[in-house]
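In what follows, a structure is listed as structure tokens, so that the remarks can point back to it.
Each residue takes its place number in the sequence, starting with 1. Here the structure is a predicted model, which means the values were calculated and not measured.
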Amino acid sequence: MSRLEARLDDWTEQAVSGAVPAGLEPVARALLEEAERRLSDNRVPAALWHRVLDATRRPEFLQALGASDARYRWAEAAFAAIRVSRYSLGVMLAQRVAEHPGRPLFVESPEDGAPRWSYEAVARRLERTAAALLRASRGRPRVAILSANGIDAACADLACLVHGIPVSPINPDTEPDGLRSIFDRLKFSVVLVEGEEQRARLERAGLAGARVLRLDPRTPSRGAAEATLAEAAASLAPGQVERALLAHAPPALDEPATVMFTSGSTGLPKGVVHTGHALVTKRFARAAALPAVGQGETLLCYLPLFHTFGRYFEMLGMLFWGGTYVFAGNPSLETLARALPRVRPTGLIGIPRRWAQLRERALARAEDAEAAVRAVVGDRLRWGLSAAGHLDPAVFRFFQRHGVELCSGFGMTEAVGGITMTPPGQYEDGSVGVPLPGMATRLSDEGELQIAGPYVGSYLDEPPVGPGDERWVPTGDVFVRRPSGHFEIVDRLKDVYKNTRGQTVAPAAVERRLADVPGVKRAFLVGDGRDHNALLIVPDRGDPVLAGADPEAEDAYFRQIVAAVNRDVAPPERVVSFALLERDL
């Protein structure tokens with residue numbers, strides 16, 4: 001038995017004994033130190049590293065390490081162990097199935113009696129789904145998913161991630177220009193659409209050539225040649241599934257696993273490439289930052305799976321922690337308010353507006369404050385994260401006073417989600433916290449935050465970094481770093497913003513459509529931190545189209561223009577109101 005294996009067995013025996021975390025600290029630190037020593041020893045079997053990673057990811061180990069510096073050391077050691085042992089999402093899923101095959105991974109809705117998919121059942125479904133996708137394409141498939149949320153889209157996405165099939169979840173409301181840009185760059189061979197609306201959107205964008213499979217079996221078929229993904233998977237015999245998976249060589253950890261799209265400054269989607277190594281390392285980084293999370297977790301999830309936090313923190317987070325992901329069904333406040341006491345989640349990821357609304361509901365109740373909070377959020381909620389916008393510190397303090405460790409954070413698609421987070425118990429008003437483990441940060445001369453690290457993605461068509469060079473990604477936001485080490489956002493450099501629902505808005509998507517419109521001299525979209533967008537228009541009254549028009553006719557003309565623009569842009573970018581300015585911007 002190697003010394004590393006002996007340290008691992010010693011830790012396991014001590015942890016099972018039920019000793020308090022303080023008493024376990026010497027044993028936990030001894031295991032960490034031995035793991036650090038053995039990382040350069042290529043004689044350590046991959047299976048042993050996988051056991052070490054599985055044992056040390058748990059809250060009892062991370063809490064036993066004590067101070068955050070030890071947990072950050074553990075994260076760096078875990079990153080290295082992941083690489084040397086080729087630990088992947090597939091290995092992670094196999095470990096969870098072996099430990100608790102019958103535990104639900106997915107619950108299809110908050111309703112009583114909703115179908116529950118165990119880890120074992122999901123694993124079998126992923127195998128069939130992956131095999132169907134491999135057989136639907138000549139050569140290695142490249143898959144696009146146009147769906148907001150739901151069990152079928154989640155299993156298709158996870159099948160690709162676990163079995164090494166490049167996949168891109170795409171906002172189904174992406175405008176035609178954006179869809180054409182995405183499809184031109186990635187040349188998808190298989191496209192999964194939720195239903196008729198998404199299929200029609202593909203056709204309006206003039207996209208063809210890929211095999212289209214429907215996710216919703218209720219969508220009418222367009223002939224015998226068309227099938228749902230479920231039908232394609234069900235038609236495979238067990239031997240066909242096994243042969244298809246065996247013939248598909250798993251990609252290297254540093255090969256692209258997925259491309260996610262975020263609004264670019266031109267209004268066209270910007271593709272961010274993430275590797276399998278990045279997806280796995282981020283989960284261990286997040287665990288080190290949230291050492292108490294991981295015991296019987298249940299999340300009620302309303303963020304869509306093309307959203308970074310919905311896909312990575314919620315879906316892959318539940319896989320990492322061995323928890324249960326409950327589909328909310330839709331993102332409305334009423335749905336969330338009805339579901340929370342029924343589902344009784346242990347954690348909740350939300351945009352600022354939802355947290356503020358939940359607080360307002362609790363304050364409006366007649367019970368004492370503690371009972372009111374629990375009536376609104378459920379009796380088990382103990383932690384949460386608010387990101388994608390500013391939230392009043394009073395809301396953080398309110399939930400923290402009533403047993404919900406609500407943390408602030410800042411993240412980007414480029415970083416597989418989170419970049420900074422307030423450590424539990426160390427919230428500071430107005431701060432977005434400290435860098436997550438593995439995240440290198442620096443401020444430019446202008447104060448713009450720049451990031452680097454093992455889970456920071458690259459952009460499509462970006463030239464590779466030269467040997468020995470470090471790649472730094474600008475965030476587009478200006479920060480200050482407090483003496484405590486916490487970061488605070490003070491300004492924005494980038495040409496995109498977020499509304500109160502946390503949705504990203506690219507003003508250029510609207511503004512460029514008005515660049516050559518008769519009668520429009522200048523247009524400027526505003527809506528950062530607001531419920532909706534307003535368009536400021538400088539009219540060109542010297543243009544013949546406005547010649548002799550009275551104010552009423554002029555207003556009617558611009559209303560038609562705005563309506564035409566709204567038909568071609570994504571819902572978050574639509575104009576709700578406009579104003580005509582008497583002087584140029």
Query - Audit row: Asn330, Ser332, side chain to side chain donor-acceptor pair (under 3.5 Å) steps and yes/no - result: CA-CA 6 Å; Asn330 70 68; Ser332 73; 2.8 Å; yes

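- Between Arg361 and Glu334 there is a salt bridge, with a side-chain nitrogen of the basic residue lying less than 4.0 Å from a carboxylate oxygen of the acidic one.
- The existence of a salt bridge linking Asp392 and Arg359 is excluded, since no basic side-chain nitrogen approaches an acidic carboxylate oxygen closer than 4.0 Å.
- Residues satisfying the ring pair (Phe, Tyr, Trp, His ring centres under 6.0 Å) criterion with His307, sequence neighbours excluded, are absent altogether.
- Heavy atoms only, all atoms of each residue included: Val190 and Leu133 are closest at CG1-CD2, 3.9 Å.
- Of the possible polar contacts, none joining the Thr258 side chain to the His274 backbone as a donor-acceptor pair under 3.5 Å is found.
- Take Tyr325 and apply the ring pair (Phe, Tyr, Trp, His ring centres under 6.0 Å) test, not counting sequence neighbours, and it matches Phe106, Phe327.
- You'll find the side chain of Phe261 stays beyond 4.5 Å of the side chain of Asn171, heavy atoms only.
- In terms of modelled atom types and a separation under 3.5 Å, the side chain of Thr174 and the main chain of Leu179 share no donor-acceptor contact.
- Applying the side-chain hydrogen bond (donor to acceptor under 3.5 Å, both in side chains) test to residues at least two apart or on different chains, the pairs with a partner in residues 543-554 are Arg541-Glu554.
- Ring geometry for Phe558 against Phe578 counts as tilted: the plane angle lies between 30° and 60°, on a 0 to 90° scale.
- Using a cut-off of 4.0 Å between Lys/Arg side-chain N and Asp/Glu carboxylate O, Glu370 and Arg374 are scored as salt-bridged.
- Remark: of the listed residues His486, Arg481, Arg482, His486 is the sole one forming a side chain to side chain donor-acceptor pair (under 3.5 Å) with Ser431.
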Requested in this report: Using the side-chain contact (heavy atoms from CB on, under 4.5 Å) rule, take Phe188 and Ile182 through it: C-alpha gap first, then chi angles, then the decisive distance, then the call.
Outcome: CA-CA 9 Å; Phe188 297 110; Ile182 292 170; 3.7 Å; yes

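- Not a single donor-acceptor pair under 3.5 Å links the side chain of Ser109 to the backbone N or O of Ala114.
- Among Arg471, Lys282, Lys270, the one residue that satisfies the salt bridge (Lys or Arg N to Asp or Glu O under 4.0 Å) test with Glu414 is Lys270.
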